[in-house]
> 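Quick one: this structure, given as structure tokens, is what I'll be asking you about.
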Amino acid sequence: MHAAHDDFERLKGVLAEADEPLTAREIMSILEEHDTDRFSSAHRVATVLGRHAQRGDVTVISDHPYRYWLP
């Protein structure tokens, strides 16, 4: 469970710095720029953020592609 929390904290850090909602692929690109290889795919990023969206921690903008934002 601790690793899942760490995953979300990394993603939350990226979203906190963003000026606009980001796609999972954009988040992956930012993580790669900082040599963070914890996430193997944009799908993994979307999965983690989707779980936290159910709790209200993240806003999902149902666009194509989905975009993520901190409330």
Side-chain angles (χ1 to χ4, degrees):
M1 182 73 172
H2 191 315
H5 178 74
D6 289 346
D7 287 350
F8 178 64
E9 288 302 314
R10 281 194 177 100
L11 298 175
K12 187 175 161 184
V14 171
L15 290 173
E17 296 292 321
D19 295 332
E20 62 186 13
L22 299 173
T23 66
R25 188 170 309 272
E26 291 168 334
I27 294 167
M28 278 283 300
S29 293
I30 292 168
L31 290 170
E32 288 170 355
E33 288 174 12
H34 295 96
D35 297 323
T36 303
D37 60 354
R38 183 145 179 106
F39 296 93
S40 57
S41 69
H43 182 275
R44 174 74 182 134
V45 170
T47 299
V48 171
L49 291 174
R51 286 184 185 143
H52 282 272
Q54 292 174 343
R55 299 178 193 151
D57 298 331
V58 176
T59 298
V60 178
I61 300 168
S62 297
D63 203 358
H64 202 341
Y66 285 175
R67 296 187 180 280
Y68 303 91
W69 186 247
L70 290 178

> Before you tell me yes or no, could you show the steps for Asp7 and Arg44 under salt bridge (Lys or Arg N to Asp or Glu O under 4.0 Å), namely the whole-Å CA-CA distance, both residues' side-chain angles and the distance that decides it to 0.1 Å?
CA-CA 10 Å; Asp7 287 350; Arg44 174 74 182 134; 2.9 Å; yes
> Looking only at heavy atoms, what is the nearest atom pair of Pro71 and Val58, with distance?
CD-CA, 3.9 Å
> Does Glu26 reach the main-chain N or O of Thr23 with its side chain, forming a donor-acceptor pair under 3.5 Å?
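Side chain of Glu26 to backbone of Thr23, a donor-acceptor pair under 3.5 Å: yes, one is there.
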> Tell me whether Leu22 is reachable from Tyr66 by hopping between hydrophobic residues (I, L, V, M, F, W, Y) whose side-chain heavy atoms are closer than 4.5 Å.
yes
> From Met28 CE over to Leu11 CG, what is the distance, rounded to the nearest 0.5 angstrom?
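Going from CE on Met28 over to CG on Leu11, the span is 10.0 Å.
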> For residues Ala46 and Tyr68, report the shortest heavy-atom separation together with the two atoms involved.
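Smallest heavy-atom distance, with atoms named: CB-OH, 3.4 Å.
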> Taking all non-hydrogen atoms of both residues, which atom of Ala42 and which atom of Ala24 are closest, and how far apart?
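Looks like O-CB, 3.4 Å.
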> Flag yes if more than 12 heavy atoms outside Glu17 fall under 6.0 Å of its CD atom; otherwise flag no.
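Open: at most 12 neighbouring heavy atoms sit under 6.0 Å from CD of Glu17.
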> Is it the case that one hydrophobic cluster holds both Val60 and Val45, taking links as side-chain heavy atoms less than 4.5 Å apart, direct or via other members?
yes
> Should Ile27 and Leu70 be regarded as members of a common hydrophobic cluster, given that ILVMFWY residues are connected when their side-chain heavy atoms come within less than 4.5 Å of each other, either directly or indirectly?
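Looking at the clustering, Leu70 is in the same group as Ile27.
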> Could you tell me which non-hydrogen atom of Leu31 sits nearest to which non-hydrogen atom of Phe39, and how far apart they are?
CD1-CD1, 3.5 Å
> Working to the nearest 0.5 angstrom, can you tell me the gap between Asp57 CG and Leu15 CG?
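One finds 11.5 Å between CG of Asp57 and CG of Leu15.
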